[in-house]
Amino acid sequence: MEQARLYNILINQKGEVCIILKPLSPYNSEIANPEIIYDGGENAVLYRNETSSVILDYIPKEQQQTIFTQEKILIVEYDIKSDTILKEYFAPIIKVKKMLDLGSDFVDRQTLDKELKELGLLAE
């Protein structure tokens, strides 16, 4: 499982809730039956296919309910180096009562902030 280190949540002009993933390097695998597992809390898991998953962590509290009430989310995979959209697809939300423990492979928030700062993507 990979951690989404940089992503945005927004509502586009069509009124669709979008998650824009900005991985440091593009994902290599193809999309097949994507879905998001979510309990309405701070973490969700996007399954891009059977073998590729992305942890969406630190979901802002003010956006948690918006995401949880959706039936599907538009996922946009964006390459920050070339400033291009690589993939767009919808992923249905699979609502669960409680997320399973996602393990200790998370990058902690301090490390995440340091990496974002090094990339010039963290506001001072």
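Keep in mind that what you see is a predicted model, and the values were worked out from it rather than measured.
- Interatomic distance, OH of Tyr47 versus CD of Glu35, reported as 8.0 Å (0.5 Å rounding).
- Side-chain atoms of Lys87 and Ile31, non-hydrogen and from C-beta on, do get closer than 4.5 Å to each other.
- The nearest pair of heavy atoms linking Val54 to Ala4 is CG1-CB, 3.5 Å.
- At a threshold of 4.5 Å between side-chain heavy atoms, the hydrophobic network of Ile, Leu, Val, Met, Phe, Trp and Tyr places Tyr89 and Leu56 in one connected group.
- Residue-environment remark: NZ (Lys22) exceeds the threshold of 12 foreign heavy atoms within 6.0 Å.
- None of Leu21, Ile55, Ile73, Ile37 except one satisfies the side-chain contact (heavy atoms from CB on, under 4.5 Å) rule with Leu46; the exception is Leu21.
- For CD of Glu50, the number of neighbouring non-hydrogen atoms (other residues, nucleotides, ligands) closer than 6.0 Å is 12 at most.
- The hydrophobic clustering, which links ILVMFWY residues whose side-chain heavy atoms are closer than 4.5 Å, places Leu10 and Leu86 apart.
- When all heavy atoms are compared, the tightest approach of Val96 to Phe68 is O-CE1, 4.4 Å.
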- Message: Pair Ile9, Ile67 - check side-chain contact (heavy atoms from CB on, under 4.5 Å), show working.
- Response: CA-CA 9 Å; Ile9 301 169; Ile67 293 172; 3.5 Å; yes
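- Just one residue in the list Ile20, Val17, Asn12 forms a side-chain contact (heavy atoms from CB on, under 4.5 Å) with Leu74, and that residue is Asn12.
- Between the side chain of Lys81 and the backbone N or O of Ser25, no donor-acceptor pair lies under 3.5 Å.
- Gln63 places no side-chain N or O within 3.5 Å of a backbone atom of Ile59 that could act as its donor or acceptor partner.
- With hydrogens and angles disregarded, no donor-acceptor distance shorter than 3.5 Å links the side chain of Ser52 to the backbone of Asn49.
- Without hydrogens or angle criteria, Asp57 side chain to Asn43 main chain gives no donor-acceptor distance under 3.5 Å.
- Once rounded to the nearest 0.5 Å, the distance linking CD1 of Ile94 with CD of Glu71 reads 11.0 Å.
- For the pair Tyr38 (side chain) and Gly41 (backbone), a donor-acceptor distance under 3.5 Å is present.
- In summary, Glu77 and Arg48 engage in a salt bridge, as defined by a charged side-chain N under 4.0 Å from a carboxylate O.
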